[in-house]
Engineer: 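Take this structure, written in structure tokens, and hold onto it; I'll ask about it next.
Since the model is a prediction, treat every value here as computed from it, not as a measurement. Along the sequence shown, the residues carry numbers beginning at 1. Indexing begins at 1, ligand by ligand and atom by atom, following the structure's order.
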Amino acid sequence: RSDRMNVALDGPAGAGKSTVARQVAKRLGYVYVDTGAMYRAVTLAAIRSGIRPDEADKLRELVASLEIALMPGPEGQVVLLNGEDVTEQIRTRDVTLSVSAVAANEAVRAKLVDLQRKMASERGIVMDGRDIGTHVLPDAELKVFLTASVQIRAFRRFQELKEEDRVPIEQLEREIAERDRSDEQREISPLICAKDAVVLDSSDMTIEQVVEAILDMSRTKMAEAK
Ligand code: CDP
Ligand code: CDP
């Protein structure tokens, strides 16, 4: 289908990928796919089964037995783990602290990348993650690498926390920096900017400005394709 394209949105934690991707998808009439949610669902399953991220064989076995699906829901995307709605549970701090280590596992990545490629095969997808432009959808018509300073990203996360969940912002900053480091240094599909991606630093931009910038780029790409 030449009238639709795929948009790949990568970048470090808290850059605004999911917020922006959701809105861009809505404005284009495309489907939003949050690949981080899929890695989080596997991580939740591992925690529930008492499997540590470094137990590679157990993780391989576990992931083979899992069914992970993303479905549109009234409030956005719903994440299903073996049919169970785990949309809320995958956002806990426990999952956030383990997800990067689980995502480094080869079998976990192979299974999820396969699913992600199937989801994007009809085009008309906005997919966000870490390796979308470099590995999952190297042929995506538009690739954006969204970033922001680690201080700003930590501040954005801090503001999202409920009063009772608040932790010092310095701690969030350390945790984000550590997750970036581990995502950037893993062997398989590390977080790096694709050669043909447009880098967008959102440190001083509003969400609306980022969304508009990406929509502009997508219009240009569409016009070029015609
Ligand atoms: O939303 P947040 O930035 O906290 O993270 P996420 O997008 O939910 O992704 C959680 C973790 O999953 C990342 O830190 C990566 O370790 C992993 N991930 C990945 O390895 N590859 C992707 N395509 C997406 C996420
Ligand atoms: O998906 P990723 O981890 O990259 O970021 P996110 O979950 O979309 O979180 C970004 C947070 O920063 C959200 O609370 C947004 O409201 C806020 N924000 C943003 O995304 N973009 C801006 N330009 C400014 C703020």
Engineer: Quick one, R40 and D34 - any side-chain contact, counting heavy atoms below 4.5 Å?
Structural biologist: no

Engineer: Nearest protein heavy-atom contact for atom 24 (C) of ligand 1: which residue, which atom, what distance?
Structural biologist: T35 OG1, 3.3 Å

Engineer: For side chain to side chain donor-acceptor pair (under 3.5 Å), just list the numbers for Y30 and N6, CA-CA rounded to whole Å, side-chain angles, deciding distance to a tenth of an Å, and then say yes or no.
Structural biologist: CA-CA 9 Å; Y30 284 11; N6 280 335; over 6 Å; no

Engineer: Just so I know, are the side chains of K17 and R130 near enough to count as touching, which here means a heavy-atom distance under 4.5 Å?
Structural biologist: yes

Engineer: Please state which protein non-hydrogen atom is closest to atom 8 (O) of ligand 2 and give its distance, to 0.1 Å?
Structural biologist: T19 OG1, 2.5 Å

Engineer: Show me which atoms of ligand 1 lie under 4.0 Å from any heavy atom of V99.
Structural biologist: 10 (C), 11 (C), 12 (O)

Engineer: Should you measure from each heavy atom of A13, which atoms of ligand 1 turn up under 4.0 Å away?
Structural biologist: 3 (O)

Engineer: For V167 versus F158, what's the shortest heavy-atom pair and its separation?
Structural biologist: O-CE1, 3.3 Å

Engineer: Closest by any non-hydrogen atom to atom 7 (O) of ligand 1: pick that one out of R130, R186, R179, E184.
Structural biologist: R130

Engineer: Let me know which of L146, T19, I152 forms a side-chain contact (heavy atoms from CB on, under 4.5 Å) with S202.
Structural biologist: L146

Engineer: Enumerate the atoms of ligand 2 whose separation from the nearest heavy atom of E160 is less than 4.0 angstrom.
Structural biologist: 9 (O), 11 (C), 13 (C), 14 (O)

Engineer: What atoms in ligand 1 come closer than 4.0 Å to a heavy atom of A103?
Structural biologist: 16 (O), 17 (C), 20 (O)

Engineer: Pair D94, T92 - check side chain to side chain donor-acceptor pair (under 3.5 Å), show working.
Structural biologist: CA-CA 5 Å; D94 273 0; T92 60; 5.5 Å; no

Engineer: Is the shortest heavy-atom distance from the side chain of I68 to the side chain of L81 under 4.5 Å?
Structural biologist: yes

Engineer: Looking only at protein heavy atoms, which one is nearest to atom 6 (P) of ligand 2, and how far off is it?
Structural biologist: S18 OG, 3.4 Å

Engineer: Need the ligand 2 atom indices (1-based, order shown) with element for anything under 4.0 Å from a heavy-atom of G16.
Structural biologist: 2 (P), 4 (O), 5 (O), 6 (P), 8 (O), 10 (C), 20 (O)

Engineer: Which part of M38 is near ligand 1, with near meaning a heavy atom under 4.0 Å away: side chain, backbone, both or neither?
Structural biologist: neither

Engineer: May I ask whether R157 has any heavy atom positioned less than 4.0 angstrom from an atom of ligand 1?
Structural biologist: yes

Engineer: Enumerate the atoms of ligand 2 whose separation from the nearest heavy atom of T206 is less than 4.0 angstrom.
Structural biologist: 23 (N)

Engineer: Going by the order shown, which atoms of ligand 1 are within less than 4.0 Å of some heavy atom of D183?
Structural biologist: 13 (C), 14 (O), 15 (C), 16 (O)

Engineer: What protein heavy atom lies closest to atom 18 (N) of ligand 1? Include the residue and the distance to one decimal.
Structural biologist: Y39 CD1, 3.7 Å

Engineer: Contact between ligand 2 and G14 is defined here as a heavy atom of the residue under 4.0 Å from a ligand atom; is it met?
Structural biologist: yes

Engineer: Among all protein heavy atoms, pick out the one at the shortest distance from atom 23 (N) of ligand 1; state its residue, atom name and that distance to 0.1 Å.
Structural biologist: D131 OD1, 2.8 Å

Engineer: Assess whether a salt bridge exists between D114 and R117, defined as any Lys/Arg side-chain N lying under 4.0 Å from an Asp/Glu carboxylate O.
Structural biologist: no

